[in-house]
Number of protein chains: 2
Amino acid sequence: MRMNEAFKALADPTRREILRLLRSGEMSAGQLAQHFDMSKPSMSHHFATLKQADLIGSRREGQQVIYYLNTTVVEDLMVVILDMLSGNAAPSKGGANP
Amino acid sequence: MRMNEAFKALADPTRREILRLLRSGEMSAGQLAQHFDMSKPSMSHHFATLKQADLIGSRREGQQVIYYLNTTVVEDLMVVILDMLSGNAAPSKGGANP
DNA sequence: TAATTAATAAGAAATTTGTCTAAATCTCTA
DNA sequence: TAGAGATTTAGACAAATTTCTTATTAATTA
């Protein structure tokens with residue numbers, strides 16, 4: 001899993017908003033771009049960053065490119081984050097000691 | 001909550017490792033620095049970044065500065081991430097719970 | 001085939017980030 | 001008060017990031 005890329009991808013507010021938008025269903029690059037006050041090439045760059053991190057996927061449909069959330073990888077990321085940060089009183093079941 | 005700072009803080013592998021180390025208990029700046037092949041000023045800079053994001057806290061104890069995980073904020077961040085990426089389409093901020 | 005629309009690639013400018021060394025600050029102890 | 005240890009601040013610099021404009025690729029349609 002591309003953890004480092006995933007974390008870096010989440011560090012930008014525009015990209016987090018893209019993910020939030022995709023949560024409710026797939027959208028074309030143009031539809032996504034409409035939601036932002038930013039040039040299309042810049043948006044395209046953000047799509048590429050998210051894709052490199054495997055957080056989103058894409059397919060071409062005619063003239064358009066459709067983007068969708070890669071829910072599997074997103075859930076993997078959740079597990080990693082929880083494992084890294086949440087070391088509460090509860091002993092870990094995958095962890096170090098009995 | 002300082003969400004943007006928190007995400008940016010998580011984007012660096014050194015800082016994620018610091019958080020992981022602090023998960024098992026508080027440590028002094030020097031103890032933490034020992035785990036990395038990096039100058040102490042650079043480490044100090046990472047501590048400051050994490051602190052600005054409210055992910056860690058600190059107190060002075062004699063000559064040393066002790067750092068600890070700010071578990072409350074970390075858990076808030078978890079909720080935000082889960083809500084943004086894997087939740088239902090409606091963001092829940094103290095509102096509609098089943 | 002030429003024009004049109006959708007999207008990405010290329011190259012450049014401004015800003016931010018991660019790291020270093022040298023200097024300063026804070027605390028303890030002789 | 002002087003010295004030593006622990007940590008941070010300041011200043012600098014290379015590398016990465018974010019954004020733009022211009023150019024290019026891909027698909028549709030007259």
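Proteins come first, then strands; the chains are lettered A, B, ... in the order of their sequence lines, and each starts at number 1.
The distance between atom CG of B:Asp12 and atom P of D:dA16, rounded to the nearest whole Å, is 13 Å. One interatomic measurement links the two molecules: CG of A:Asp37 to P of D:dT18, which rounds to 17 Å at whole-angstrom precision. Taking atom CD on A:Gln63 and atom P on C:dT4, their separation rounds to 13 Å, with Å as the unit. Look at CD on B:Glu5: it is 13 Å from P on C:dT16, rounded to the nearest Å. In this entry the distance linking NE2 of A:His46 with P of D:dT18 reads 6 Å, nearest Å. At whole-Å resolution of the value, NZ in A:Lys8 and P in D:dT18 are 9 Å apart. For the pair A:Gln34 CD and C:dA7 C1', the computed distance is 14 Å after rounding to whole Å. Summarising the geometry, the separation between CG on B:Asn4 and P on C:dT16 is reported as 13 Å, rounded to the nearest angstrom.
Counting only heavy atoms from C-beta on, B:Ser44 has its side chain closest to D:dT9 among D:dC20, D:dT18, D:dT9. Distances from the side chain of A:Ser39 to the nucleotides D:dC20, C:dT21, D:dT7 place D:dC20 closest. Closest approach to the B:Thr14 side chain among C:dA7, D:dT8, C:dT19 is made by C:dT19 (side chain taken as heavy atoms from C-beta onward). Of all nucleotides listed (D:dA26, D:dT7, D:dT8), D:dT8 comes nearest to the side chain of B:Pro41.
Expressed to the nearest 0.5 Å, how far NE2 of B:His46 lies from CG of B:Asp12 amounts to 5.0 Å. To the nearest 0.5 Å, atom CG of residue B:Leu55 and atom OG1 of residue B:Thr49 are 10.5 Å apart.
The residue among B:Val65 and A:Thr49 whose nearest nucleotide of DNA chain D is located toward the 5' end is B:Val65. If you find the closest nucleotide of DNA chain D to A:Arg60 and to A:Lys40, the one lying nearer the 5' end belongs to A:Lys40.
Residue-environment remark: CD (B:Gln31) exceeds the threshold of 12 foreign heavy atoms within 6.0 Å.
Contacts of B:Phe36 with the nucleic acid, taken as non-hydrogen atoms under 4.0 Å apart, are absent. Nucleic acid contact class of B:Met38 (heavy atoms, under 4.0 Å, all strands): sugar-phosphate only. Looking at heavy-atom distances under 4.0 Å, B:His45 makes contact with a base.
A distance-only check finds a donor-acceptor pair linking the side chain of B:Arg15 to the backbone of B:Ala9 [under 3.5 Å]. Listed for the A:Arg2 side chain is no donor-acceptor partner under 3.5 Å among the backbone atoms of A:Asp54.
At least one side-chain nitrogen or oxygen of B:Tyr67 sits closer than 4.0 Å to the OP1 or OP2 atom of D:dT8.
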